[in-house]
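Have a look at the structure below before the remarks.
As the structure lists them, so they are numbered: ligands from 1, and atoms in each ligand from 1.
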Amino acid sequence: MADSVNQKTIAKPSEPARRAVVTGASSGIGAETARTLAADGWGVVALARREDKLKALADSIKAKGGSCEYVVCDITDEGSTNDAVKTIVAEGPVKALVNCAGAAFGKDPVATANLDDWRGMYELNVLGTLRIIQKLLPTLKESEGTVLIVSSTAGIEPYEGGSGYCASKFAERVMARVLRLEQIGEPIRVIDVSPGLVQTEEFSLKRFGGDHSKADSVYEGVPDPLHANDIAESIRWAVDLPDTVDIDSIVIRPRAEGSYTKLYRKK
Ligand code: NDP
């Protein structure tokens, strides 16, 4: 077993690298996933809107001998995503799509929630993810590939103030589950990765509109929250298993988190 996994993960010099498209690769979990997969021999195609961050990521991966292309893409935009997919597919087949692009906007109660926040999360987390999956599905199936969605434990347990984000993450988990059912018998696997609290630089800052003290309070006193590399490693493990092994769902939390509302904080 270990041998067959090792044979798969280390690209032989004569073989072209398996290509993985990673969305949301300009920061946080996506950037770390791009680094981890590249270090593992994957040819990474990094997608996001900020070109400067993507270029810096690709340069740093290449400096370490890895392979990374990048394509600027707004997955909420049909034309931008069409163009990106055309560019990617013209360069060769894609073996894995890792959907990390996503965001939370606001933490208002349902009674006063901002419709634009809900719309933004739905457009990005749900429809953006759906859009890029639909467009890459043919090449992924030709490669006996993998669709992986980074959803969240917010898609398992709703919490007060999380309604819009939780709703979008429930939708992502359902998308993964239903896609998997619909594709049974086809050469494609569908994996859901649901992280709990992960301390990344930008996620909470964006949620609270750039308010550093609110963003910092999310992680305050929590011993050893997860970091992006913990999620990247679980993604690498799941996609490196033999094609016929489908890890349906991975729920990954820091030891200090029993649930969203049962979080241990040092006094
Ligand atoms: P970040 O804010 O660091 O990363 C979000 C990424 O999404 C960025 O690279 C951003 O790049 C990209 N993105 C945003 N909008 C678009 C768009 N319209 N088109 C393409 N890319 C876009 O967040 P994290 O890394 O922390 O989170 C990554 C994923 O993990 C998200 O789906 C999040 O919901 C989920 N998650 C995060 C947890 C956490 O605690 N951090 C916990 C559980 C799940 P750019 O702005 O350049 O486009």
Identify, for [atom], the protein heavy atom at the shortest distance, and state residue, atom and that distance.
| atom | result |
| --- | --- |
| atom 14 (C) of ligand 1 | Arg49 NH2, 3.5 Å |
| atom 25 (O) of ligand 1 | Ile29 N, 2.8 Å |
| atom 24 (P) of ligand 1 | Thr200 OG1, 3.8 Å |
| atom 11 (O) of ligand 1 | Ser26 OG, 2.8 Å |
| atom 18 (N) of ligand 1 | Asp74 OD1, 2.8 Å |
| atom 34 (O) of ligand 1 | Tyr165 OH, 2.6 Å |
| atom 43 (C) of ligand 1 | Pro195 O, 3.2 Å |

Taking a cutoff of less than 4.0 Å between a non-hydrogen atom of the residue and any ligand atom, is [X] in contact with ligand 1?
| X | result |
| --- | --- |
| Gly196 | yes |
| Cys73 | yes |
| Thr76 | yes |
| Lys53 | no |

Q: Flag yes if Trp118 and Tyr165 sit in one hydrophobic cluster, no otherwise; membership is Ile, Leu, Val, Met, Phe, Trp, Tyr, and two members link when side-chain heavy atoms are under 4.5 Å apart.
A: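 Hydrophobic grouping puts Trp118 apart from Tyr165.
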Q. If Ile, Leu, Val, Met, Phe, Trp and Tyr residues are connected whenever their side-chain heavy atoms lie under 4.5 Å apart, and connections chain through other members, are Leu148 and Val198 in the same group?
A.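 Yes, it is one cluster - the side chains of Leu148 and Val198 are joined through contacts under 4.5 Å.
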Can you list the ligand 1 atoms lying under 4.0 Å from a non-hydrogen atom of [X]?
| X | answer |
| --- | --- |
| Val150 | 30 (O), 32 (O) |
| Phe203 | 2 (O), 23 (O), 26 (O), 33 (C), 34 (O), 39 (C), 41 (N) |
| Gly28 | 3 (O), 25 (O) |

From [options] - option closest to [atom] by heavy atom:
| atom | options | value |
| --- | --- | --- |
| atom 5 (C) of ligand 1 | Gly102, Ala103, Gly24 | Gly102 |
| atom 28 (C) of ligand 1 | Cys100, Ser152, Ser151 | Cys100 |
| atom 13 (N) of ligand 1 | Ala34, Ser27, Ala101 | Ala101 |

Please determine if [X] has a nitrogen or oxygen closer than 3.5 Å to a nitrogen or oxygen of ligand 1.
| X | value |
| --- | --- |
| Arg50 | yes |
| Val198 | yes |
| Glu172 | no |
| Lys169 | yes |

Below a 4.0 angstrom heavy-atom separation, can you tell me which part of [X], side chain or backbone, both or neither, approaches ligand 1?
| X | value |
| --- | --- |
| Leu124 | side chain |
| Lys206 | side chain |
| Ile75 | both |
| Gln199 | neither |

Q: Let me see the working for Asp192 and Ser194 under side-chain hydrogen bond (donor to acceptor under 3.5 Å, both in side chains), right down to the final yes or no.
A: CA-CA 6 Å; Asp192 164 61; Ser194 297; 2.8 Å; yes
Q: Measure the shortest side-chain to side-chain distance between Ile191 and Val147 over non-hydrogen atoms and say whether it is less than 4.5 angstrom.
A: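 Not touching, per the 4.5 Å side-chain cut-off.
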Q) Is any side-chain heavy atom of Asn99 less than 4.5 Å from a side-chain heavy atom of Leu97? A)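 With C-beta onward as the side chain, the pair touches.
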Q | Salt bridge Arg18-Asp240, side-chain N to carboxylate O under 4.0 Å | A |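 Judged by the 4.0 Å cut-off on N to carboxylate O distance, Arg18 and Asp240 do form a salt bridge.
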Q: Indicate yes or no: does Arg265 engage Glu220 in a salt bridge with an N to O separation below 4.0 Å.
A: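 No, this pair does not count.
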Could you tell me if [Y] and [X] have a donor-acceptor pair between their side chains, going purely by distance under 3.5 Å?
| X | Y | answer |
| --- | --- | --- |
| Asp211 | Ser213 | yes |
| Arg19 | Ser67 | no |
| Asn82 | Lys135 | yes |

Q) What do the steps show when you test Thr146 against Ile188 for side chain to side chain contact (heavy atoms under 4.5 Å, CB included), and what is the final call? A) CA-CA 6 Å; Thr146 303; Ile188 185 90; over 6 Å; no
(Q) Suppose we call two aromatic rings close when their centres sit under 6.0 Å apart. Are Phe105 and Phe203 close by that rule? (A)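 Centroid distance Phe105-Phe203: not below 6.0 Å, so no.
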Q: Go through the steps for Asp74 and Arg49 under the test salt bridge (Lys or Arg N to Asp or Glu O under 4.0 Å), then give the verdict.
A: CA-CA 6 Å; Asp74 179 347; Arg49 294 168 303 175; 5.1 Å; no
Q. Of the options Glu51, Arg50, Glu202, which is the one that meets Ser26 in a side chain to side chain donor-acceptor pair (under 3.5 Å)?
A.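 Result for side chain to side chain donor-acceptor pair (under 3.5 Å) with Ser26: Arg50.
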Q) In this structure, which one of Val85, Ile88, Val45 forms a side chain to side chain contact (heavy atoms under 4.5 Å, CB included) with Val94? A)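 Checked Val85, Ile88, Val45 against Val94; only one passes side chain to side chain contact (heavy atoms under 4.5 Å, CB included): Ile88.
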